[in-house]
Amino acid sequence: MTTRRSHPRAALRRVATISTGLVAVALTGVVAAVGVPQGWGAAPGAVSTDVEQIEASTPERVLVCPAPVSLADTAQVGDAQFSAAPVETATALRAAVVGGAGAGTANPGDTPVNLTGLDALDASPLEQGDGATTVSLADVTDSEVLRVGAGMPVDTRVAASVGSVTTAGDLRGLAAASCAVPDISHWIVGGSTEVGSSAQLVLQNPGRTPATVRLSVWGPGGPVVLSGGGQYLVPPGEEVVTLVEAVAPEQRRLAVHVESTGGTVAAYLQHGTLDGLVPVGVDFVVPGAEPTTALALGVTSAGESVEDPLAPQLRLLAPGTEAGTATVTVYGTDGRVRLRGGEEQDLTPGAVTDVSLGGLPAGDYTVTVDATVPVVAGALQARAGDPVPDSLDDTPQVDRAWVAATALDPGWASPSFGEDASEAAGTIEPTTARTTDRGTVTLVPGTSSIVRVGAVPLAPPERGDDGAPTGTFSGTLRAYGADGALLGETALAVEAGTTISLDALELGGGNEPAVLTLDASETSGGATQQGPVPVWSVLASAGAPVAGAAEGAPGSLLSVLVPVPPASSQGTVAVRATSTAGLPD
């Protein structure tokens with residue numbers, strides 16, 4: 001059932017700072033293996049030989065959603081004709097729990113599933129459907145948090161997303177993002193603080209204790225010395241905004257690292273750009289993968305040239321102290337596409353670099369980065385709309401979307417725990433726990449969606465190797481409606497080194513889906529298949545199509561939703577009683 005909030009919630013405190021930033025900290029359950037206390041079931045000095053397999057319960061799950069976009073300077077000018085915000089921003093949110101109580105199974109202990117504010121007040125319970133538990137809000141005014149109580153089955157999928165649509169003014173654009181799990185470390189690759197750009201760092205704390213956050217920023221010239229030192233204390237249950245242009249001005253390219261102690265935090269950038277007085281896009285820049293040597297993401301090209309400022313851009317940063325190189329590989333519908341002059345990139349330590357993805361034919365692509373040193377990455381794509389009203393030179397209106405990178409770890413959704421764990425008495429030894437879950441995306445109400453799925457080969461191509469990679473990613477995309485009902489299942493067979501695109505409406509059998517899930521196929525023995533790694537995302541569109549566009553063309557506003565990955569699983573644990581607390585005898 002679709003639910004709409006009809007009563008206002010007291011606004012949460014949002015604090016903008018100039019020379020100092022504030023951060024929000026989120027406190028959420030952490031999966032941990034704990035030693036068996038001494039004396040439980042055994043005499044002092046004795047070690048029990050009995051080993052019991054116990055199914056580990058899941059902790060509370062928390063997803064924190066971005067707040068509606070807002071201007072950094074809310075001062076109003078005297079003439080409404082020149083107002084920076086001539087129209088209101090419409091923000092919608094959708095949350096879903098698939099599996100567990102949402103799939104018709106028992107809800108252990110009446111596990112609470114609620115959508116709340118950062119301060120955990122004024123809960124909106126999700127309504128159970130046949131296949132998923134969902135809620136949709138069309139009048140979002142604050143940050144929201146999806147909280148799923150401890151005890152849900154480990155294969156339960158939890159996801160949410162939010163989107164803000166503004167059709168005119170400085171905030172013109174679609175800013176959408178999947179809601180994120182709070183953590184102690186976030187790498188945000190994207191944004192700018194050069195003249196005409198604003199990067200608001202939003203930090204959210206749905207926890208019960210304060211947290212200390214350290215902010216690090218890199219630009220084209222390397223690490224940036226921050227005004228105020230870059231360390232902040234954030235109260236629980238609050239959201240705080242800091243203007244990055246105030247602490248790190250005149251940075252054409254940005255990469256930001258947020259680290260917290262005392263609790264976990266959610267963090268993102270709201271990035272908006274003006275070309276003179278003309279708005280050229282606003283979007284959320286969300287955290288991507290931690291520094292690693294293999295990354296991937298999806299982009300869409302409109303066929304722009306290399307010199308076109310609207311061509312997609314890949315952003316790279318090697319945050320360590322060693323120089324290296326990165327190999328950039330692009331996979332399209334028919335296989336690998338050469339990126340002339342851009343496939344080999346030198347990495348200067350600490351310097352943020354942009355690589356043009358122009359020159360690609362129009363279409364959807366999966367881009368991989370194979371580096372000799374750990375890197376972080378993101379990408380930017382744009383869409384040109386109708387000319388600016390009353391302009392003399394037919395300057396097009398533009399919206400831009402940032403894309404977060406995913407680590408290319410074949411087992412990222414199939415964690416293996418404790419295979420080489422010590423068998424010392426008193427330890428808990430998790431066994432291998434695998435899942436076919438490749439992520440979940442909730443679609444923002446009022447948007448249209450294209451699903452991009454790439455099959456990345458397990459090994460990067462050798463230099464000069466033009467041979468086609470082998471293997472096929474086999475999986476199933478499932479679409480659920482706003483009432484939780486299963487609308488359709490689509491079997492996928494994506495050849496290694498290719499990218500496919502699917503219309504979400506077709507996935508729903510002509511009905512508008514609310515939730516998409518992707519599962520990898522299993523082998524006959526029940527194990528997860530080994531083959532190409534799936535990298536997928538959803539390109540969301542809103543607003544009116546470009547004048548003269550074909551019927552059914554997407555809107556001129558765009559954003560990208562990346563999947564919410566499955567929660568880490570402990571699977572089953574082997575417990576043996578001992579007289580020591582996890583220490584060797």
Side-chain angles (χ1 to χ4, degrees), residues 94 96 98 131-132 134 157 159-163 174 176-179 286 296-302 312 330-334 362-367 379 381 383 401-406 413 436-456 472-482 486-521 532-542 552-555 557-566:
R94 180 173 280 134
V98 184
T134 64
R157 305 167 193 249
S161 64
V162 67
L174 167 62
S178 293
C179 305
V286 299
L297 48 79
V299 298
T300 298
S301 169
V330 181
Y331 298 108
T333 303
D334 299 321
D364 295 306
Y365 296 91
T366 302
V367 181
Q381 63 182 76
R383 178 176 293 169
W402 286 99
V403 189
T406 299
T436 62
D437 185 353
R438 292 301 186 264
T440 303
V441 175
T442 55
L443 306 181
V444 178
T447 63
S448 58
S449 302
I450 297 295
V451 183
R452 307 179 294 206
V453 183
V456 177
T472 301
F473 167 71
S474 299
T476 303
L477 263 174
R478 293 182 175 87
Y480 298 87
L486 179 63
L487 300 179
E489 298 183 352
T490 302
L492 301 181
V494 188
E495 296 182 6
T498 66
T499 302
I500 65 171
S501 304
L502 306 101
D503 190 319
L505 195 62
E506 295 180 3
L507 294 173
N511 298 307
E512 193 73 40
V515 186
L516 299 175
T517 65
L518 177 61
D519 285 277
S521 299
V533 180
V535 175
W536 70 293
S537 56
V538 174
L539 180 63
S541 301
L557 309 181
L558 80 164
S559 193
V560 175
L561 301 171
V562 294
V564 177

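Between Val286 and Ala177, the shortest heavy-atom contact is CG1-CB, 3.5 Å. Here the shortest heavy-atom pairing between Tyr365 and Val330 reads CD2-CG1, 3.5 Å. The two residues Ser521 and Gly475 make their nearest non-hydrogen contact at OG-N, 3.5 Å. Considering every non-hydrogen atom in both Thr440 and Ala159, the closest pair reads CG2-CB, 3.7 Å. Of all the heavy atoms in Leu297 and Ala379, the pair that sits closest is CD1-CB, 3.7 Å. When all heavy atoms of Ala302 and Ala362 are compared, the closest pair comes out as C-CB, 3.8 Å.
In this structure a side-chain-to-backbone donor-acceptor pair under 3.5 Å is missing from Ser178 to Leu561. Between the Ser559 side chain and the Ala540 main chain, no donor and acceptor come within less than 3.5 Å of each other.
Two residues are said to be in side-chain contact when any heavy atoms from C-beta on lie closer than 4.5 Å; Tyr480 and Val98 meet this criterion.
Of the residues listed (Asp519, Ile500, Thr476), the one engaging Leu492 in a side chain to side chain contact (heavy atoms under 4.5 Å, CB included) is Ile500, and it is the only one.
Here the CG-CG distance, from Leu502 to Leu507, works out to 5.0 Å after rounding to the nearest 0.5 Å. Of the inter-residue distances, the one linking Thr498 atom OG1 with Asp364 atom CG reads 12.0 Å to the nearest 0.5 angstrom. Atom CG of Leu516 is separated from atom CG of Leu518 by 9.5 Å, given to the nearest 0.5 angstrom. Summarising the geometry, atom CG belonging to Leu505 is positioned 7.5 Å from atom CG belonging to Asn511; distances are rounded to the nearest 0.5 Å.
Taking the side-chain hydrogen bond (donor to acceptor under 3.5 Å, both in side chains) definition, one finds that Thr499 meets it with Thr366, sequence neighbours left out. Listed by chain and number, the residues in a side-chain hydrogen bond (donor to acceptor under 3.5 Å, both in side chains) with Thr333 amount to none (sequence neighbours excluded). For Ala493, the side-chain contact (heavy atoms from CB on, under 4.5 Å) criterion is met by Thr472, not counting sequence neighbours. With sequence neighbours excluded, the residues that form a side-chain hydrogen bond (donor to acceptor under 3.5 Å, both in side chains) with Ser541 are Arg383.
Screening residues 488-514 for salt bridge (Lys or Arg N to Asp or Glu O under 4.0 Å), with sequence neighbours left out, gives Arg478-Glu489.
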Side-chain donor-acceptor contacts of residues 443-456 below 3.5 Å, not counting sequence neighbours, with atom names and distances?
from   : atom 1 : to     : atom 2 : distance (Å)
Thr447 : OG1    : Val444 : O      : 2.7
Arg452 : NE     : Ser537 : OG     : 3.3
Arg452 : NH1    : Thr300 : OG1    : 2.7
Arg452 : NH1    : Gln381 : OE1    : 3.2
Arg452 : NH2    : Gly298 : O      : 3.0
Arg452 : NH2    : Ser537 : OG     : 3.2

